[in-house]
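Reading through the structure tokens given below for one structure.
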Amino acid sequence: MVKNLATVYEYPVAVWQFGGDLTLVGLSGEVVVDYVPLIEQAIGPLQLWVAAYCNDVFGYFPSARVLKEGGYECRGLYTTQGFFAPAAQDVLVDKVRELAQRAGRKM
């Protein structure tokens, strides 16, 4: 029996703003290291804490660079097939930027 992969994944992401001192970005799954500089570029590097394994653990969330290079981070936790397209990186970073602004982070 062949199972089709989902074409959409609802990826939980959270942004908490602690006054003007700290922004906590909670990402689901095991994000690759590329997301720290991508988020720093999007919302600024100061008083920023990027945490993974928040709200959902499904395996890796690869960046566009990692998807291009290939490797074990490109496939799912319980399958050899990958779940994410390169455009997912920009969707995630854009959502973090939106949530950070709504939470009151000074950009």
Side-chain angles (χ1 to χ4, degrees):
M1 172 173 30
V2 176
K3 287 187 174 183
N4 293 331
L5 291 176
T7 58
V8 175
Y9 183 77
E10 292 190 25
Y11 180 91
V13 58
V15 175
W16 287 62
Q17 184 63 43
F18 296 90
D21 297 327
L22 175 67
T23 305
L24 171 62
V25 177
L27 303 175
S28 298
E30 185 168 344
V31 295
V32 297
V33 70
D34 292 354
Y35 284 100
V36 172
L38 289 167
I39 292 171
E40 285 178 342
Q41 290 170 8
I43 68 173
L46 301 177
Q47 291 91 24
L48 177 62
W49 177 9
V50 178
Y53 295 105
C54 300
N55 301 310
D56 190 9
V57 179
F58 51 83
Y60 285 95
F61 191 89
S63 63
R65 178 190 65 83
V66 168
L67 283 170
K68 184 177 179 184
E69 290 177 359
Y72 66 93
E73 299 98 338
C74 297
R75 54 183 195 257
L77 188 59
Y78 303 108
T79 178
T80 58
Q81 295 176 304
F83 296 122
F84 300 102
Q89 168 187 296
D90 294 333
V91 171
L92 175 58
V93 173
D94 289 346
K95 181 53 74 172
V96 168
R97 183 183 304 109
E98 174 194 329
L99 292 173
Q101 288 173 331
R102 286 178 34 195
R105 180 171 172 92
K106 291 183 177 32
M107 305 299 233

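Computed over heavy atoms, backbone and side chain alike; hydrogens, waters and symmetry mates excluded.
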Heavy-atom closest pair, residues Cys54 and Gly26: SG-CA, 3.7 Å
May I have the list of side-chain donor-acceptor pairs in residues 12-21 shorter than 3.5 Å, sequence neighbours left out?
unit_1, atom_1, unit_2, atom_2, d
Gln17, OE1, Thr23, OG1, 2.5
Gln17, NE2, Gly19, O, 2.8
Gln17, NE2, Leu22, O, 3.3
Gln17, NE2, Thr23, OG1, 3.4

Minimum-distance pair of heavy atoms, taken over all atoms of Arg105 and Leu46: NH2-O, 2.7 Å
All N/O donor-acceptor pairs, side-chain side in residues 83-96, below 3.5 Å, sequence neighbours left out:
unit_1, atom_1, unit_2, atom_2, d
Gln89, OE1, Ala64, N, 2.8
Asp94, OD1, Arg97, NH1, 2.9
Lys95, NZ, Glu98, OE1, 3.1
Lys95, NZ, Glu98, OE2, 3.4

For residues Val25 and Met107: do they belong to one hydrophobic cluster (side chain heavy atoms under 4.5 Å, members Ile, Leu, Val, Met, Phe, Trp, Tyr)? yes
Inter- and intrachain pairs under side chain to side chain donor-acceptor pair (under 3.5 Å), touching residues 26-49, at least two apart: Glu30-Tyr53, Glu30-Tyr60, Asp34-Ser63, Asp34-Arg65
Can you tell me how far the CD1 atom of Ile43 sits from the CG atom of Leu48, to the nearest 0.5 Å? 5.0 Å
Is Tyr72 linked to Val31 within one hydrophobic cluster, defined over Ile, Leu, Val, Met, Phe, Trp and Tyr using a side-chain heavy-atom separation of less than 4.5 Å? yes
Leu24 and Val57: same hydrophobic cluster, using ILVMFWY side-chain contacts below 4.5 Å? no
